[in-house]
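So the structure is just underneath, and the comments pick up after that.
Both ligands and their constituent atoms are indexed starting at 1 by order of listing. Not measured: the values here are computed from a predicted model.
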Amino acid sequence: MSKVNLLAECSKASRIAISAHIRPDGDAVGSCMALYYYLRKMLPDTEVKVFLEKPSDVFSDMKDFEDIDSSFAEEGTFDVFFVLDTNKERLGGAAKYFETAGKTINIDHHISNSAGCGDINVVEPHASSTAEVLFGLMEEKLLDKDIAKALYIGIIHDCGVFQYSNTSPKTLEIAAKLIPFDFNFPRLIEETFYQKTYLQNQIMGRALMESIRFMDGRCIVSCVDRKMMEFYGVVPGDLDGIVNQLRNIKGVDCAVFMYEIGLMEYKVSMRSNEHVDVAKVASYFGGGGHVRAAGCTMKGTFHDVINNLSLHIEKQLERR
Ligand code: 5GP
Ligand code: MN
């Protein structure tokens, strides 16, 4: 895909909107805010808005975090609408702006969205994060501390602080260009990525305790139902990290974590270490993601869901 000139694409716009996927993670929030700062700085006479489902408070230290519109009450249309870190299917309340926008620009790194959904598409499946793709589209000399910090948040959240296999030399080169902007990166990593509240740790402990291993311990699954979430007083965002902890267990290649989002309906997160292509499994059930991290929504009982998933996971593991 050819390089897109972000500022030229926006030069005639008087209203621009930016959005990313529902249940926004660090990459979704970081990418949206980085682009928001960049466009506002370079196009001061243009109205720029960010629409996102309410992100976790761990990101609230970012500049102008309170500008994020999670009400989707705005009924106007936008000349340019940016879809970041997703296809148009997971825009939630912001989908209406996509439909009515003069021009749509999709910037992403999900292999399951390789065609892109915009009038203009920059989808790089080998990039660690959408923030990494965005960095490539920004002029380096125009970066500043807030943009750098937002991009850094996006990158570290999607590559597990440079641990996951999507970390490339390019990812590290970009990080090397960002940290001289002098934001407190050790603290940022600790507070937005690793730190968990007491209740988040408690429910993680519970999920680990009740996990079930199968396929000789090569797979593991755990489930949190609504009753359990109510008991601990947690929301879905508090469950982030559980699936990674399951994947960390010695001998496990594929970890599945699910939580109840409705009657007989589960949000499924999958991670793998080396062998299982979880994007393939998730795509089969209407979801998507990356080879080592993917998700989908599935209907049925816990046992229906895990039986359906394990069929596909086992097929991949047996082929080896
Ligand atoms: P998580 O398990 O952390 O929610 O998501 C892991 C990866 O899979 C992320 O890149 C996320 O965007 C993607 N993903 C999760 N759920 C879905 C889904 O239902 N549909 C699609 N297309 N991607 C998903
Ligand atoms: Mn991402």
Side-chain angles (χ1 to χ4, degrees), residues 19-35 52-53 55-56 59 82-92 95 106-117 122-136 150-161 164-167 171 174 193 207 221-224 235-247 254-259 261-262 265-272 276-299 305 309:
S19 190
H21 56 80
I22 50 173
R23 292 186 278 270
D25 56 10
D27 190 26
V29 180
S31 295
C32 283
M33 295 311 281
L35 184 60
L52 265 184
E53 251 182 28
S56 160
F59 302 114
F82 283 92
V83 180
L84 305 185
D85 202 35
T86 182
N87 57 17
K88 63 176 176 168
E89 316 304 332
R90 293 203 303 145
L91 281 171
N106 187 196
I107 302 172
D108 193 10
H109 70 127
H110 286 88
I111 193 157
S112 48
N113 181 33
S114 48
C117 65
V122 188
V123 182
E124 297 177 2
H126 295 294
S128 66
S129 50
T130 296
E132 179 174 324
V133 182
L134 258 184
F135 176 90
L151 291 174
Y152 192 82
I153 289 178
I155 291 171
I156 59 150
H157 275 258
D158 261 26
C159 71
V161 196
Y164 308 152
S165 55
N166 61 359
T167 305
T171 314
I174 294 171
F193 192 80
V221 61
S222 189
C223 179
V224 165
V235 296
D238 294 318
L239 308 173
D240 287 353
I242 294 179
V243 70
N244 285 322
Q245 199 58 43
L246 290 167
R247 184 198 55 99
C254 183
V256 179
F257 174 69
M258 56 179 100
Y259 64 88
I261 52 173
E265 193 172 19
Y266 292 88
K267 176 72 201 161
V268 176
S269 281
M270 288 180 282
R271 297 290 185 272
S272 81
V276 178
D277 178 346
V278 288
K280 210 162 154 188
V281 179
S283 297
Y284 187 86
F285 295 103
H290 312 286
V291 177
R292 303 277 162 252
C296 55
T297 298
M298 291 175 71
K299 287 197 160 67
V305 171
L309 287 170

Query - Shortest non-hydrogen contact between Leu134 and Ser31, atoms and distance - result: CD1-O, 3.3 Å
Report task. Would you name the heavy atoms of Val123 and His110 that are closest together and state the gap between them? Result ->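 The answer is CG1-O, 3.8 Å.
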Requested in this report: Look only at the side chain of Glu132 and the backbone of Ser128, and say whether a donor-acceptor pair between them is shorter than 3.5 Å.
Outcome: yes
Query raised in the report: Please, which pairs that meet side-chain hydrogen bond (donor to acceptor under 3.5 Å, both in side chains) have at least one residue in residues 278-288, sequence neighbours excluded?
Result: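 side-chain hydrogen bond (donor to acceptor under 3.5 Å, both in side chains) check on residues 278-288 returns no pairs.
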Report task. Identify, chain by chain and in numerical order, each protein residue with a heavy atom under 4.0 Å from an atom of ligand 1. Result -> Arg90, His110, Lys267, Ser269, Arg271, Gly287, Gly288, Gly289, His290, Ala293, Ala294, Gly295, Cys296
Requested in this report: Would you sort out whether Met258 and Met298 count as a side-chain contact (heavy atoms from CB on, under 4.5 Å), showing the intermediate values?
Outcome: CA-CA 9 Å; Met258 56 179 100; Met298 291 175 71; over 6 Å; no
Requested in this report: May I ask you to check whether Asp85 and Thr130 show a side-chain donor-acceptor distance below 3.5 Å?
Outcome: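 Side chains of Asp85 and Thr130: pair found under 3.5 Å.
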Query - Residue pair Asn166 / Arg292, side-chain donor-acceptor N/O under 3.5 Å - result: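 Absent: no donor and acceptor within the cut-off.
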Requested in this report: Pull up every protein N/O/S atom sitting under 2.8 Å from the Mn ion (ligand 2), skipping waters.
Outcome: Asp27 OD2, Asp85 OD1, His109 NE2, Asp158 OD2
Report task. With sequence neighbours excluded, tell me which residues meet salt bridge (charged side-chain N to carboxylate O under 4.0 Å, His left out) with Glu89. Result ->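 Glu89 satisfies salt bridge (charged side-chain N to carboxylate O under 4.0 Å, His left out) with no other residue.
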**Report entry** Parallel, tilted or perpendicular: rings of His157 and Phe193 (30°, 60°)
**Finding:**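 The arrangement is perpendicular - the two ring planes meet at more than 60°.
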